[in-house]
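One structure is given below, encoded as structure tokens.
When reading the values below, keep in mind they use all heavy atoms of this one structure, side chains included, and skip hydrogens, waters and symmetry mates. Computed from a predicted structure; not experimentally measured. Proteins come first, then strands; the chains are lettered A, B, ... in the order of their sequence lines, and each starts at number 1.
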Amino acid sequence: MTRRTSRALALTALCALVPALLGACGKGTLGVPPASGEDLFAPPVLSTLADELPVFQPSLVALKDALAAKDPVAAAATFTPEVAAKYQAFFEANVENLPALADVLATGELSLVGEHEIQPFDGSIRRVGDLAVTVDGIVFHVTVVKVDDTWMFASM
Amino acid sequence: MRAITLAAFSVSGLLFATSALAWHHQTTHVSLNLKAYDAFQGLYGGSAKYERAPLDATLLCTGPAVTTPGKEWIFESDERLSVLVWLSMGGYFADEPEWWASFRHFYDPLARDGQTYLTDDLPGVANPHVDARTLALVDQPDPWHDGSEHVQYNWSAALGYYREAMEDGDNDDGENRKLAKAFRGLGQVLHLLADMTQPAHVRNDEHAYDDPLEDTIRVDQVAASWASPLDPRALIDGDISTLFDNLARYTNEYYYSSDTVSDTASGVFPDNGKTPCLKPQFSDLKYDAATHAYSGRFNDTDVPMIQQRLTTYLIQRGNFRKVEQWGAWHMPAAYAAWLANVLVPVAVRAEALLIDRFLPTLDAQLKLTAKDASTAHVEGALIHDIAKDPEWKAPIKFNGKGTLRGRKDDTPILEVFFQDGTMTPADFPSEPGEVVYLEIRAGGRIFTSKDQTFGEVELGPECKILEACCPGLPTPAVIQQCEDIVATANETNCAVGQASLLRLCRE
């Protein structure tokens with residue numbers, strides 16, 4: 001199932017996902033009464049964290065490479081459009097230290113991916129994720145967002 | 001199938017924010033509504049109100065469902081779904097079409113920026129300036145219908161559909177169209193109520209691009225956490241208007257959203273540039289130096305809420321220079337599960353209360369008397385005890401059909417009819433000891449009366465004289481004839497019988 005189709009699931013598709021829901025949708029014989037309502041709804045199936053690990057890796061490499069090269073513009077380009085300018089300003093104010101930030105990010109591990117996709121007004125399809133980065137023994141969480149097919153950084 | 005179009009839709013299509021859809025509508029909200037049904041059954045289903053009036057969640061109802069979701073337009077067509085599915089899918093339909101829903105599901109109880117509706121919007125946005133509580137409770141034109149139609153699925157509309165279903169006399173037509181709309185409407189209001197437990201929705205945070213909390217919470221987390229202990233500071237009580245306000249104030253006071261982290265003492269202001277909420281302040285929270293995070297205390301558990309940004313830590317460490325307006329704190333997606341554990345129980349239990357408030361307190365009453373020895377006379381009513389239903393402004397006067405059933409094997413005995421809540425009296429053949437009850441299937445409920453027993457008939461004086469004679473008659477055939485006359489309990493019959501039988505009696 002592609003992300004776009006999962007996003008556009010219509011009610012009929014929801015009804016088709018689970019046999020129990022068929023009865024509840026009136027397209028079959030209603031069998032056991034849904035006493036708890038447990039099995040009536042199956043959410044869209046998205047890719048797993050394991051699936052996303054290799055998809056995420058190029059984005060992390062791109063940021064680290066840009067930082068190592070002291071290139072604020074290239075580094076900011078790995079951030080979501082709405083925050084890119086803010087982070088570019090930060091990188092430009094800290095050009096000499098960017099390689100140190102690249103070293104910090106070397107510990108980064110994608111720790112979770114969101115359960116839902118959303119579609120903001122810009123028409124993109126987005127899915128949130130969390131990058132765990134360890135610095136001085138402290139695990140910091142960096143918010144990452146998959147924008148269409150590319151993971152980008154959103155809050156660092 | 002009909003297309004619903006946006007009269008005010010921008011040509012560019014870029015003038016509407018859209019992602020601010022609260023708990024995810026196709027998954028989380030549906031799950032919340034389903035769990036609310038579970039909670040309703042657990043908390044209220046066993047009460048006297050439902051003892052003889054349970055909700056029939058399996059009842060199939062035909063009505064308009066969103067079959068093609070969309071941003072600016074949707075398609076609706078008839079679907080035949082159970083009451084429970086209408087209730088749960090209302091959680092999904094409430095966010096359709098998404099662009100309009102995205103603005104109207106916010107309610108800042110403190111109106112920190114002067115309004116209770118969302119003001120943290122995008123430049124040039126066609127903001128309808130309606131908050132979630134108003135959308136839920138106040139009859140109003142629906143802007144995405146060009147104002148030509150009113151909001152179809154708010155609280156008063158849902159109550160109205162339910163009333164129509166009870167009063168239109170069609171409770172046995174098999175379609176249950178009014179009920180489909182009633183339970184869809186209830187489901188949509190449940191969605192709005194649940195939004196009052198999403199911090200961004202009560203703290204004027206548009207969260208247009210992403211929200212670490214609502215984008216991350218999993219359906220299985222809803223399932224796992226809804227029965228977790230309830231934070232006693234969450235006041236799940238009051239009329240529906242108060243309930244919305246109570247929930248919004250609770251969430252506003254004890255939680256941050258990602259873009260509204262603020263602290264007066266340390267000069268931290270919301271990333272979205274809006275007026276800071278009054279609470280929480282860092283002094284209300286617990287700082288953990290090991291994680292550089294602040295936690296709130298909920299049910300004797302520390303729940304991580306916000307963490308210092310990595311860049312801020314590097315700035316503080318002295319390696320990096322700060323730039324202007326650098327937000328120091330954010331809400332990591334990794335904390336969503338913790339927050340879900342405390343917010344989901346509040347949402348689900350508040351929704352459960354609303355389901356209970358929605359369903360009227362109706363009592364099926366049946367009175368049985370003996371018209372004669374073999375004929376029962378029944379009168380009945382379906383009484384709305386409106387004193388127990390603050391959300392209902394006038395009593396429901398049921399019109400439709402019911403069934404008189406024998407308790408022995410639930411066999412239907414008689415179809416009965418109601419007008420304005422009162423059953424048309426009826427007679428039916430019966431025999432002493434027969435137990436009957438009234439059943440009314442309406443409003444997605446199965447109303448039953450208390451059992452009534454057809455008792456022995458009090459004989460008149462003529463029949464008593466004949467009854468005393470019967471055992472002394474000479475043959476079994478004549479004895480049977482005598483007993484049959486007595487069994488009619490008819491004084492004229494007994495008097496006539498005396499004329500021929502008393503002289504045959506043996507002393």
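There is no contact between A/V113 and chain B, counting heavy-atom distances below 4.5 Å. Residue B/L87: no heavy atom, backbone or side chain, is found under 4.5 Å from chain A. Proximity to chain A is limited to the backbone of B/A290, based on heavy atoms less than 4.5 angstrom apart. With a 4.5 Å cut-off on non-hydrogen atoms, B/L310 touches chain A through its backbone and its side chain both.
Contacts of residues 128-143 of chain A with chain B at a heavy-atom distance below 4.5 Å involve A/V128, A/G129, A/D130, A/V133, A/V135, A/D136, A/I138, A/V139, A/F140, A/H141, A/V142, A/T143, listed in sequence order. Heavy-atom neighbours of chain B within the stretch residues 76-100 of chain A, taken at a separation under 4.5 angstrom, comprise A/E82, A/K86, A/Y87, A/A89, A/F90, A/A93, A/N94, A/N97.
Rounding to the nearest 0.5 angstrom, the gap separating the CD atom in A/Q119 from the CD atom in B/E98 is 7.5 Å.
For B/T311 (side chain) and A/M156 (main-chain N/O), a donor-acceptor pair under 3.5 Å exists by modelled atom type.
Judged as a salt bridge (charged side-chain N to carboxylate O under 4.0 Å, His left out), and not counting sequence neighbours, the contacts of B/D271 are B/R309.
Legend: salt bridge (Lys or Arg N to Asp or Glu O under 4.0 Å) pairs involving residues 98-108 of chain A, not counting sequence neighbours: none detected.
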Q: Mind running side-chain contact (heavy atoms from CB on, under 4.5 Å) on A/E115 and B/T216 for me, showing each step along the way?
A: CA-CA 5 Å; A/E115 288 298 301; B/T216 308; 5.8 Å; no
